[in-house]
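Some notes on the structure that comes next.
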Amino acid sequence: YACESIHGHFCELENDGEGSDLSEEYDKNKLAYCVTDVPAWYLCIILGIQHLLTAFGGIIAIPLILSQGLCLQHDGLTQGHLISTIFFVSGMCTLLQVTFGIRLPIVQGGTFAFLAPSMAMLSMPEWTCPAWTQNASLVNTTSPEYIDVWQSRMRELQGSIMVGSLFQVLVGFSGLIGFFMRFIGPLTIAPTISLIGLSLYDSAGISAGNHWGISTMTTALIILFSQYLRHIPVPFPKYNKTKKLHTSRIYIFQLLPVLLGITLSWLICYIFTISNVLPSEPEQYGYLARTDLKGDVIGQAPWFRFPYPGQWGLPTVSLAGVVGILAGVLSSMIESVGDYHACARLSGAPPPPKHAINRGIGIEGIGCLLAGAWGTGNGTTSYSENVGALGITKVGSRMVIVTGGVLMIIMGLFCKIGAIFTTIPTPVIGGMFLVMFGVISAAGVSNLQYADMNSSRNVFIFGFSMFTGLVIPNWIFKNPDAIATGVVELDQLLQVLLTTSMFIGGFFGFFLDNTIPGTLRERGIIDWNKISLDDSSNTLESSEVYNLPFGISSCLSSFSWVRYVPFLPPNAPSSQDEAKVDSLATKQQPVKPELIRSVAL
């Protein structure tokens, strides 16, 4: 399919005549559909399902990890409700972001940045799970006592997330994100993101350790599919009126490595369960690899359940929880700005202007507010995995993401789908964690490419931030009574902050990077902010992509005060400016194929 939008010139990569190699690379990276195009309805559904499956691993991992801190390890039905809720809210937030936010084809879902402070808060003495909740034989999931145990913890998380998200709403809609980006560079972001993954090593180890054979198999399959087989296409039958029935080669291993790895391991565990290869006694090693531990959770789950705000009760708020969540909010915001620019490149859109970035961050804050109100136990953020999928599929249409958002909402309404996922054995989940958390840690380190790591100053800042981010929380966990100021609220605040690795690492990285003398180029600030400071002019192409929908921007353009509102487009060009499109296009720098390839990788 060819990109045929009215302004399709910014969808197609320009050939600058550098030879046949560049021409071949150009054909390889040419978009089938750009951001404003609308593919056929059946293509929207197929590609929307693909985006849903791409986000699948990250979305279901979050409630499964949280279930440990919420004392829900042995309550498969409630775990299923949490999974359904997070899919429902993710779909709702995706529709909000694509329609009123950044307006790029970007998927919203749960964020690992909130997991570290959440688990730190749930590990406080007053929220530690009672011993009887760890024993499946003692847990009665319908008893009022047990329901109060997990719901009180969830309500505390909800309140902290809702209040913390108001900060993101303020930063986004006020335009303050640009101010923060002046002081936050690679040496702050690298330890913050890396420690998100490293701080969860215990959770990954416990899950994988329930059966190292199964978890190793899961890890090996994901690595095999994602690294060794990713460039091998698989023929699939296809039909159209021109070629009739024929085969089409699809890079299925590159698109769905996590889903394929989990599904295959899950199937093997099921075969081992029904053939009694796995032990049937709870005391024996490997028992937790069985697929029948949750009983008839699929049969018990209702077919249809509509998630609603406050479904677990009225949220409660604590200062310690809010401050801890703020560390996750800040990290999530900065990562999203990078995702916006990568998404614009890969979907054939102009660089996002400041008003669109401000609106995108603000809508993400509203998404976190909704996630807190609905009770996912988490927030929402832009998914880098789906941005990468745009570069693979060459389909950048935002209508595809709208379809994916609708499918996530539908998936969240049918509880049996969420219940099915709860039957995945914990060693299989542990194998997925080994890969996923490792990639998150490495993704944080990759931000150091912008800084001069031959500088002893930068090596010291990064090394010290990482090490203290591991040492201090570990010591506090082992000595929980060490913090005793005499003020209970202050003790709780310090307990959460000092046991949140990403806060410790990010704080020291931020403080040292902004106080130890160093040039902006040495710190990586120039290269880091170069793309963020590149505000596209108010061109017709930019307005077509980033202006508000349903004619809202046109209605507001007549008011002079609009230019002072950070999240509204300033006086959009009128239709009589269409004749200038071609001349504007020639002034824009062409997007190099090799640049797109690097972003996609």
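The first residue of the sequence shown is numbered 1, and numbering continues consecutively from there. The figures that follow rest on heavy atoms only: side chains count, while hydrogens, waters and symmetry mates do not.
With hydrogens and angles ignored, the 3.5 Å screen pairs a side-chain donor or acceptor of Asn458 with a backbone N or O of Glu522. Distance alone, capped at 3.5 Å, places no donor-acceptor pair between the Ser332 side chain and the Gly328 backbone. Judged purely by atom type and a 3.5 angstrom limit, Thr94 uses its side chain to pair as donor or acceptor with the backbone of Gln108. Not a single donor-acceptor pair under 3.5 Å links the side chain of Ser160 to the backbone N or O of Val317. Looking at Tyr383, its side chain does come within 3.5 Å of a backbone N or O of Gly110 through a donor-acceptor pair. Formation of a donor-acceptor pair under 3.5 Å by the Asn514 side chain with backbone atoms of Phe511 is not found in this model. Under the 3.5 Å distance criterion, the side-chain polar atoms of Trp374 are left unmatched by any main-chain donor or acceptor of Gly310. Using modelled atom types, one side-chain atom of Arg103 and one backbone atom of Asn547 make a donor-acceptor pair closer than 3.5 Å. No donor-acceptor pair closer than 3.5 Å links the side chain of Asp37 to the backbone N or O of Ser397.
Crowding of Phe304 atom CZ: a count of heavy atoms from other residues, nucleotides or ligands under 6.0 Å exceeding 12. Annotation for Met399: atom CE does not count as buried by contact number, only 12 or fewer foreign heavy atoms lying within 6.0 Å. Within a 6.0 Å sphere centred on CH2 of Trp41, other residues, nucleotides and ligands contribute 12 heavy atoms or fewer.
Closest of all the heavy-atom pairs between Ser336 and Thr381 is OG-OG1, 3.2 Å. Shown here for Gly469 and Ser501, the closest heavy-atom pair between the two residues is O-OG, 2.9 Å. When every heavy atom of Arg305 is checked against every heavy atom of Cys415, the shortest pair comes out as CB-SG, 3.1 Å. When all heavy atoms of Pro186 and Leu448 are compared, the closest pair comes out as O-CD2, 4.2 Å. Here the shortest heavy-atom pairing between Val169 and Gly362 reads CG2-O, 4.0 Å.
The structure places CG of Leu157 at 9.0 Å from OG1 of Thr376, a figure rounded to the nearest 0.5 Å.
Residues that satisfy the ring-ring contact (aromatic ring centres under 6.0 Å, His included) test with Tyr340, not counting sequence neighbours, are absent from this structure. The ring-ring contact (aromatic ring centres under 6.0 Å, His included) test applied to Trp127 returns no partner, not counting sequence neighbours.
For the residue pair Arg359 and Gln97, no side-chain donor N or O sits within less than 3.5 Å of a side-chain acceptor on the partner. Glu364 and Ser382 form a side-chain donor-acceptor contact under 3.5 Å, judged by distance and modelled atom types alone.
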